[in-house]
Amino acid sequence: MAIHMERYLTSLLHSSLQLNQLKQVHTLIITNYPDLAPLFVKRLLGSSAIGYGRKVFDKIPQPDQFLYNSLVCAYSKLNLNEDALAMFSLMHRSGIRVDFFAVPPTIKSCLLLQDVDVGKQVQCLAINYGFDSSVFVQTALMDFYARHGDLVSARKIFDGIFIKDPVCYNCLISVYSKSGDTEAARRLFDDMTERTVVSWNSMISGYAQNGEYHDGLRIFERMLAEKFRPNEITLVSLLSICAKLGDLELGLRIMKYIDDNNLCSNMIVSTAILEMYVKCGAVDDARKEFDRMIRRDVVTWSAMIAGYAQNGRPSEAVELFELMMSENIKPNDVALVSVLSACAQLSLVEAGERIGAYIECQSFDSNVYVASALLDMHSKFGDIDKARQVFNKMQVKDIVSWNSMIVGLAVNGYGEEAISLYEKMKETTMRPNGITFLGLLTACTHAGLVKLGLEFFRSMKSDYGITPEMEHHACIVDIFCRSGRLKEAFEFICRMEVEPNAVIWGTLLNASRTNLNVELAEISLKKLLELEPENSGNYVLLSNIYASEGRWQEALKVRNLMKDKRVKKEVAYSCIAVNNELHNFLVGDTSHPEWNKVSSIVDELAIQLTSAGCDLNWDLERY
DNA sequence: TTAGGGTTAG
């Protein structure tokens, strides 16, 4: 009878009863089954009807340690950590022996409240009661110290555990992995005589999170060899390794393994599959996985939106964001970051401004990722004032925030301000990276600061140990060219430690044409023919140069070379958003419904630009 | 005790 009734009461309390219904049940029990009343209260305190449970508790003259314990556990489980601590302290003060089972949840609440002092007091109390030899209490304490970054204390507790169960090993393995010390984690793992699936998972995810992907795969193979059955968590870690490696083939093999072994999947596994596809560039397959999913949370949605935004398909990112909103799913910071980047890529000013306003009114701009993406979008829209406002309002700034502002100022023509912002950054503890210097070099290009540009180029390597990449070299070439110092640009290219690419020779070519330097134009074009034999513009230009010099034979040779190689022009297009609608313009494509109107306006603009002194011929010839 | 998504340049 009692067991039957206990089950009934438990199921009753798990159903969502209204407060008045709860009171009725309680009254019924008191009047008809007074013996069951304490049991009802005990179950009540462990249920989600904690408010009513507390009221009943307060009316009990001398609650026993079980009742106190139930309340501490319930509060801790419901994340009501202050209440959990208060109840624990009340139990202690009322002279009742502290219940052993109340200690681990109390320590967990201290952890979540980041209250180290109270945590240590609870530990002292546990020592006084002799609970500290319990592996449950010790594991909780270990976790407590580890998450406050006190690995030494955590290890001390671990070493003091007389009979160590797999749980305390697993706990410390994940602690070491999270701190980046996979070697220490591995030593513990190897010491274990009895492992659980959690041990294997902790080790695999530890390797995955620390970029040691092949070690993660090797330990997985051993897991299979030792006949352990992987679970969803194993699969998620493995798929994330495939994503990080960009190894689609391996990802597909893992998916086949899931299929062959009938391993169950869940929403997080599907999200990991989706992400694996995205990072391998298979965006359409990611979308298929997305469409197949029965349940999708905001993380799924965000992963797919980010997938589009990162793979050069921003309009689909925006479309999916709108779809998510229309399904009444509240966007989070990650979805917002991706959609801002998509709006910036597309110059979708209206949509971008609307989302920016939403971010500010929902206070999402306190997130450093969101704020950086927002300021970058404003700067790409050319609205440097708004970009500055967002930057100045930021409480926390990371290197991306600084870089976005420096680059934004540089490309919008505020070179000097970009440089002085860098000086300001140097006063903080922030260290510049390659992108910072790209911004600074761009600033020097636009402000004509040759000497300073060369100084930055030198400083990045000697002061910060950053090896200049192709783009940094291209900036220096550009700086020389724009100030008409073509010879120095050419000498710089010849001295480069890396093989110059088409952008670099293209920059020199451009400058040689405007400066009428036939010799350098010929050199750069010959290099360009080697580097991008598909680009028809290069052949046409070289042949024109020979023709203008009267070197007809050579001109003809280049033209024939182009015919032999069957070079075709690559199709380029531009796009613009008007009233939230995207319009694409392909080269030679006149299918747009308002083509005639558009074309006449372009002609008109060309006339105005030419009369204002702009030379459009070069661009028209090359593209 | 173990699991999924993000911003800057080119």
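Every chain is numbered from 1, with letters handed out A, B, ... down the list of sequences.
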Would you tell me if any nitrogen or oxygen in the side chain of [X] comes within less than 4.0 Å of OP1 or OP2 on [N]?
X: A/K178; N: B/dT2; value: yes
X: A/K108; N: B/dT1; value: no
X: A/Q310; N: B/dT7; value: yes
X: A/S341; N: B/dT8; value: yes

Roughly how many Å is it from [atom1] in [X] to [atom2] in [N], rounded to a whole number?
X: A/M405; N: B/dT7; atom1: CE; atom2: C1'; value: 15 Å
X: A/M276; N: B/dA3; atom1: CE; atom2: C1'; value: 16 Å
X: A/L409; N: B/dT8; atom1: CG; atom2: P; value: 17 Å
X: A/L440; N: B/dG10; atom1: CG; atom2: P; value: 13 Å
X: A/Y176; N: B/dT1; atom1: OH; atom2: C1'; value: 15 Å
X: A/N170; N: B/dT1; atom1: CG; atom2: C1'; value: 5 Å
X: A/I359; N: B/dT7; atom1: CD1; atom2: P; value: 14 Å
X: A/W301; N: B/dG6; atom1: CH2; atom2: C1'; value: 18 Å

Inset, instruction - Using salt bridge (Lys or Arg N to Asp or Glu O under 4.0 Å) as the criterion, list what pairs up with A/D132, not counting sequence neighbours. - result: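 In terms of salt bridge (Lys or Arg N to Asp or Glu O under 4.0 Å), with neighbours along the sequence ignored, A/D132 is linked to no residue.
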Contact class for [X] (heavy atom, under 4.0 Å): base, sugar-phosphate, or nothing?
X: A/V400; value: base
X: A/A306; value: sugar-phosphate
X: A/T300; value: base
X: A/N433; value: nothing
X: A/S372; value: base

Legend entry - Row check, A/F391 ring normal vs A/K397 NZ/CZ: under 6.0 Å, within 45°: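 Cation-pi check for A/K397 and A/F391: passes.
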Inset, instruction - Test the A/R388-A/Y414 pair against the cation-pi criterion, namely NZ or CZ under 6.0 angstrom from the six-membered ring centroid and within 45° of the ring axis. - result: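 Yes, A/R388 sits over the ring of A/Y414.
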Legend entry - Close approaches to DNA chain B from residues 373-393 of chain A, in residue order (heavy atom, under 4.0 Å):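 Residues of residues 373-393 of chain A under 4.0 Å from DNA chain B: A/D376, A/K380.
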Legend entry - All pairs passing salt bridge (Lys or Arg N to Asp or Glu O under 4.0 Å) where residues 362-383 of chain A contributes a residue, at least two apart: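 Found A/D365-A/K393, A/D376-A/K380, A/D383-A/K386.
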Legend entry - A/Y169-A/F158 aromatic ring centre distance below 6.0 Å: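 Centroid separation for A/Y169 and A/F158: below 6.0 Å.
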Legend entry - Centroid-centroid distance, A/W301 to A/F290, less than 6.0 Å: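 They qualify: ring centres under 6.0 Å apart.
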Legend entry - salt bridge (charged side-chain N to carboxylate O under 4.0 Å, His left out) between A/D159 and A/R155, worked out: CA-CA 6 Å; A/D159 288 336; A/R155 181 67 200 222; 3.2 Å; yes
Inset, instruction - Kindly say whether, by distance alone, the side chain of A/N231 makes a donor-acceptor pair under 3.5 Å with the base of B/dA3? - result: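 No.
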